[in-house]
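What follows is a short report on a single structure.
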Amino acid sequence: MEQHAVEQHGKAQRAGLTVVVTTMASDSHTWNLVFLQLLLEELGHRVTNLGACVPDGLLVAECRRTAPDLIVLSSVNGHGFQDGLRVIAALRACPELAGTPTVIGGKLGIAGSGDPARRRALLAAGFDGVFEEGVSVPEFRSFVDSLPAASGALL
């Protein structure tokens, strides 16, 4: 799809990111994904919502197919830490996705949020951001806004 610059008040607008939003294989929750999709679309990004209970292989295949600018993993069942470690290893093992910004958020453990060791472990494993429950939406938005827009394309 060819993109063109659109003049709005004399300024060209940057194209939004292509974002994949998903849960992991063990997580059947969807409202968190709907919220993230709507938030990201409101910010001007194009979102593919893979839904709940996404197997690792399907996630990797869809990300290879769509070549997203950002991958957002969300969990609310408390298994996000363990699942996230497995999923990030699969994403980083794929050469096409090794450098794709990838974040994880939600309820990542059953012992509550804010465990600095858990956050460090997820970052060390390859995540670019960790947003546990209780972290503000503005912090997530700030991270997303810091990413380069779709290869510098203009809308």
Gap separating the [atom1] atom of [X] from the [atom2] atom of [Y], nearest 0.5 angstrom:
X	Y	atom1	atom2	result
R119	L108	CZ	CG	11.0 Å
L59	C94	CG	SG	10.0 Å
N49	L33	CG	CG	5.0 Å
L73	T23	CG	OG1	9.0 Å
M24	C53	CE	SG	11.0 Å
L17	L147	CG	CG	6.0 Å

Counting distance only, does the side-chain N/O of [X] pair as donor-acceptor with the main-chain N or O of [Y] below 3.5 Å?
X	Y	result
R64	L97	no
D128	V103	no
S74	T22	no

**Request:** Would you sort out whether C63 and I71 count as a side-chain contact (heavy atoms from CB on, under 4.5 Å), showing the intermediate values?
**Result:** CA-CA 8 Å; C63 288; I71 302 167; 3.7 Å; yes
**Message:** Tell me which one of V87, L122, V72 satisfies side-chain contact (heavy atoms from CB on, under 4.5 Å) with I104.
**Reply:** L122
**Asked** Would the number of heavy atoms belonging to other residues, nucleotides or ligands and lying under 6.0 Å from CZ of R86 be above 12?
**Response**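 Enclosed.
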What are the two closest heavy atoms between [X] and [Y], and how far apart are they?
X	Y	value
A52	T30	CB-CG2, 3.8 Å
D56	A25	OD1-CB, 4.5 Å
V21	V47	CG2-CG1, 3.7 Å

**Request:** Go through Q37 and V34 one step at a time and tell me if the side-chain contact (heavy atoms from CB on, under 4.5 Å) criterion holds.
**Result:** CA-CA 5 Å; Q37 179 178 348; V34 171; 5.6 Å; no
**Request:** Could you give me the CA-CA distance, side-chain angles and deciding distance for T102 and R92, then say whether side-chain contact (heavy atoms from CB on, under 4.5 Å) is met?
**Result:** CA-CA 10 Å; T102 303; R92 295 305 184 225; 3.6 Å; yes
**Asked** Hey, are D27 and H29 close enough side-chain-wise for a donor-acceptor pair under 3.5 Å?
**Response** yes
**Message:** Less than 3.5 Å apart, any donor N or O on the side chain of D83 or S75 sitting next to an acceptor on the other?
**Reply:**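 No - no donor-acceptor pair under 3.5 Å links their side chains.
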Does any non-hydrogen side-chain atom of [Y] lie less than 4.5 Å from one of [X]?
X	Y	value
N77	S26	yes
E62	V20	no
L123	V130	yes

Same cluster (ILVMFWY, side-chain, under 4.5 Å), [X] and [Y]:
X	Y	result
V19	F131	yes
F140	V76	no
L40	F35	yes

